[in-house]
Amino acid sequence: MSSPRFFTDAGIEVPAVTAAQMREVDRITTEETGPNLFQMMENAGRNLALLALAVLGEVWTSARIVVLAGSGGNGGGGICAARHLVNRGISVTLCIAEPGDLDEVPAFQRKIFRSTSGREITPTSLTVEPVDLVVDALIGYGLRSAPRSPVSELIRWANGSGAPILALDIPSGLDATTGGTPGDCIQPHWTMTLALPKTGLLPQRTGQLFLADIGIPEQTYRRMGLSYVNPFTKGFWVPLTCR
Ligand SMILES: NC(=O)C1=CN([C@@H]2O[C@H](COP(=O)(O)OP(=O)(O)OC[C@H]3O[C@@H](n4cnc5c(N)ncnc54)[C@H](O)[C@@H]3O)[C@@H](O)[C@H]2O)[C@H](O)CC1
Ligand SMILES: [K+]
């Protein structure tokens with residue numbers, strides 16, 4: 001099957017990349033051009049918080065949001081978004097799947113979150129949590145196989161919660177390169193993918209798809225040999241349609 005192609009409302013085609021290519025983009029930015037991982041994760045989290053507010057609409061002030069976070073870069077973006085939402089007086093409950101395994105940058109995001117009034121709960125006490133919006137920041141393009149416990153249980157909880165799901169970068173459980181689902185997979189209403197769309201973001205898997213800017217300079221994409229035309233206008237994300 002040919003790879004999906006992604007376009008903005010203005011008709012600009014944004015090149016789709018595999019997980020390996022995205023990892024190379026990450027390497028070039030963090031090792032050569034910048035921004036660093038802290039900066040990109042903060043940009044990802046702020047965009048995610050803003051999009052959560054946008055999809056909630058006028059009920060945002062009374063919304064109860066549950067953020068599900070993994071231990072990697074995806075989780076870090078979710079923890080960052082949780083802080084920005086708490087800083088707007090919203091009821092946010094953060095649930096980190098495996099808090100003891102947090103990588104360095106997500107752990108820093110958690111450190112900052114702990115200085116807010118936001119709540120953090122363990123996966124076991126999630127069952128009775130009232131929720132109006134679930135933010136899925138469990139796994140991004142780093143999926144290695146069928147999601148295992150406790151992440152698999154959190155995916156099932158989210159899908160069964162009755163609340164709409166906003167997925168960060170890749171719906172957790174979806175293979176970012178092939179679009180395959182080796183096991184449990186988040187069923188989002190919306191997906192906000194970061195920097196470039198991935199070849200596995202099939203429309204039947206993503207819900208409404210948005211592309212968020214995390215501050216990567218054009219030079220990085222040129223070094224990848226990608227034909228990149230700036231897709232962003234005055235905002236920091238754009239809707240993408242798949243053809
Ligand atoms: N330039 C960018 O695109 C940026 C993207 N960001 C975000 O970072 C992730 C990629 O981060 P990484 O740490 O490489 O991987 P993930 O967070 O996607 O996943 C790793 C995480 O998931 C766990 N895991 C993997 N497979 C399984 C499984 N089968 N079952 C359970 N758990 C699994 C693994 O243990 C790790 O904990 C990208 O998607 C973006 O969201 C950066 O924030 C900024 C730059
Ligand atoms: K995710």
Side-chain angles (χ1 to χ4, degrees), residues 14 16-48 51 67-81 96-110 123 134-156 158-159 165-177 180-188 190-198 200-201 205-207 209-217 220-221 224 226:
V14 190
V17 291
T18 64
Q21 286 176 298
M22 200 63 220
R23 203 166 292 287
E24 176 62 3
V25 168
D26 258 348
R27 187 197 64 74
I28 295 172
T29 45
T30 50
E31 293 177 14
E32 299 171 33
T33 59
N36 67 32
L37 203 49
F38 289 84
Q39 292 170 302
M40 289 194 282
M41 206 170 294
E42 187 70 22
N43 288 339
R46 189 186 299 125
N47 282 332
L48 183 61
L51 186 56
V67 177
L68 303 177
S71 312
N74 202 248
I79 299 169
C80 175
I96 300 176
E98 297 171 292
D101 294 354
L102 280 175
D103 294 344
E104 180 200 3
V105 188
F108 184 65
Q109 287 291 353
R110 186 194 195 192
V134 176
V135 174
D136 158 39
L138 290 166
I139 309 174
Y141 66 66
L143 180 74
R144 288 193 291 270
S145 62
R148 60 183 184 283
S149 177
V151 170
S152 51
E153 280 87 5
L154 294 178
I155 292 173
R156 286 201 288 274
N159 287 339
I165 303 172
L166 168 57
L168 176 59
D169 203 24
I170 313 292
S172 299
L174 182 68
D175 182 311
T177 301
T181 52
D184 293 301
C185 185
I186 283 283
Q187 295 150 13
W190 313 272
T191 297
M192 185 186 85
T193 200
L194 302 172
L196 294 171
K198 284 64 174 185
L201 287 175
R205 291 288 179 194
T206 60
L209 182 63
F210 298 89
L211 177 71
D213 174 16
I214 54 176
I216 294 175
T220 304
Y221 299 130
M224 291 283 297
L226 293 170

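For ligands, and for the atoms within them, numbers begin at 1 and follow the listed sequence. In this text, all values refer to a predicted model and were calculated from it rather than measured experimentally. What you see below is based on every heavy atom in this structure, not just the backbone, and it leaves out hydrogens, waters and symmetry mates.
- For L168 atom O and S172 atom OG, the angle they make at the K ion (ligand 2) is roughly 170°, to 10 degrees.
- Partner of K198 under the side chain to side chain donor-acceptor pair (under 3.5 Å) criterion, out of D169, T206, T177: D169 alone.
- Distance check for A167 against the K ion (ligand 2): none of its N/O/S atoms falls below 3.4 Å.
- At least one N/O/S atom of D136, whether from backbone or side chain, sits less than 3.4 Å from the K ion (ligand 2).
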One pair per line, please: each N/O atom of ligand 1 matched with every protein N/O atom under 3.5 Å away, atom names first, then the distance to 0.1 Å.
from: ligand 1; atom 1: 1 (N); to: D26; atom 2: OD1; distance (Å): 2.4
from: ligand 1; atom 1: 8 (O); to: N74; atom 2: N; distance (Å): 3.4
from: ligand 1; atom 1: 11 (O); to: G73; atom 2: N; distance (Å): 3.4
from: ligand 1; atom 1: 13 (O); to: G73; atom 2: N; distance (Å): 2.9
from: ligand 1; atom 1: 14 (O); to: R23; atom 2: NH1; distance (Å): 3.2
from: ligand 1; atom 1: 17 (O); to: G73; atom 2: N; distance (Å): 3.2
from: ligand 1; atom 1: 17 (O); to: N74; atom 2: N; distance (Å): 3.0
from: ligand 1; atom 1: 18 (O); to: G140; atom 2: N; distance (Å): 2.7
from: ligand 1; atom 1: 18 (O); to: Y141; atom 2: N; distance (Å): 3.3
from: ligand 1; atom 1: 18 (O); to: G142; atom 2: N; distance (Å): 2.9
from: ligand 1; atom 1: 26 (N); to: R144; atom 2: N; distance (Å): 3.1
from: ligand 1; atom 1: 29 (N); to: S145; atom 2: O; distance (Å): 2.9
from: ligand 1; atom 1: 29 (N); to: S145; atom 2: OG; distance (Å): 3.2
from: ligand 1; atom 1: 29 (N); to: A146; atom 2: O; distance (Å): 3.1
from: ligand 1; atom 1: 30 (N); to: R148; atom 2: N; distance (Å): 2.9
from: ligand 1; atom 1: 30 (N); to: R148; atom 2: NH1; distance (Å): 3.2
from: ligand 1; atom 1: 35 (O); to: R144; atom 2: NH2; distance (Å): 3.3
from: ligand 1; atom 1: 39 (O); to: Y141; atom 2: N; distance (Å): 3.0
from: ligand 1; atom 1: 39 (O); to: D169; atom 2: OD2; distance (Å): 2.7
from: ligand 1; atom 1: 41 (O); to: N74; atom 2: ND2; distance (Å): 2.8
from: ligand 1; atom 1: 43 (O); to: G73; atom 2: O; distance (Å): 3.4

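- Here CG of L37 is found 8.0 Å from OG1 of T29. Values are rounded to the nearest 0.5 Å.
- Annotation: side chain of V14 is in contact with side chain of L196 (closest heavy-atom distance under 4.5 Å).
- Side-chain contact between T191 and R205 is absent, with no heavy-atom pair separated by less than 4.5 Å.
- For the pair V25/I216, a side-chain contact is recorded, criterion being any heavy-atom separation below 4.5 Å from C-beta on.
- Counting heavy atoms from C-beta outward, L154 and D136 have side chains that stay 4.5 Å or more apart.
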Review point. Between L68 and V135, does a side-chain contact (heavy atoms from CB on, under 4.5 Å) hold up when you go through it step by step?
Key: CA-CA 6 Å; L68 303 177; V135 174; over 6 Å; no

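- Here D184 pairs with R156 under the side-chain hydrogen bond (donor to acceptor under 3.5 Å, both in side chains) rule; sequence neighbours left out.
- At a threshold of 3.4 Å, the K ion (ligand 2) has no backbone or side-chain N, O or S atom of I186 nearer than that distance.
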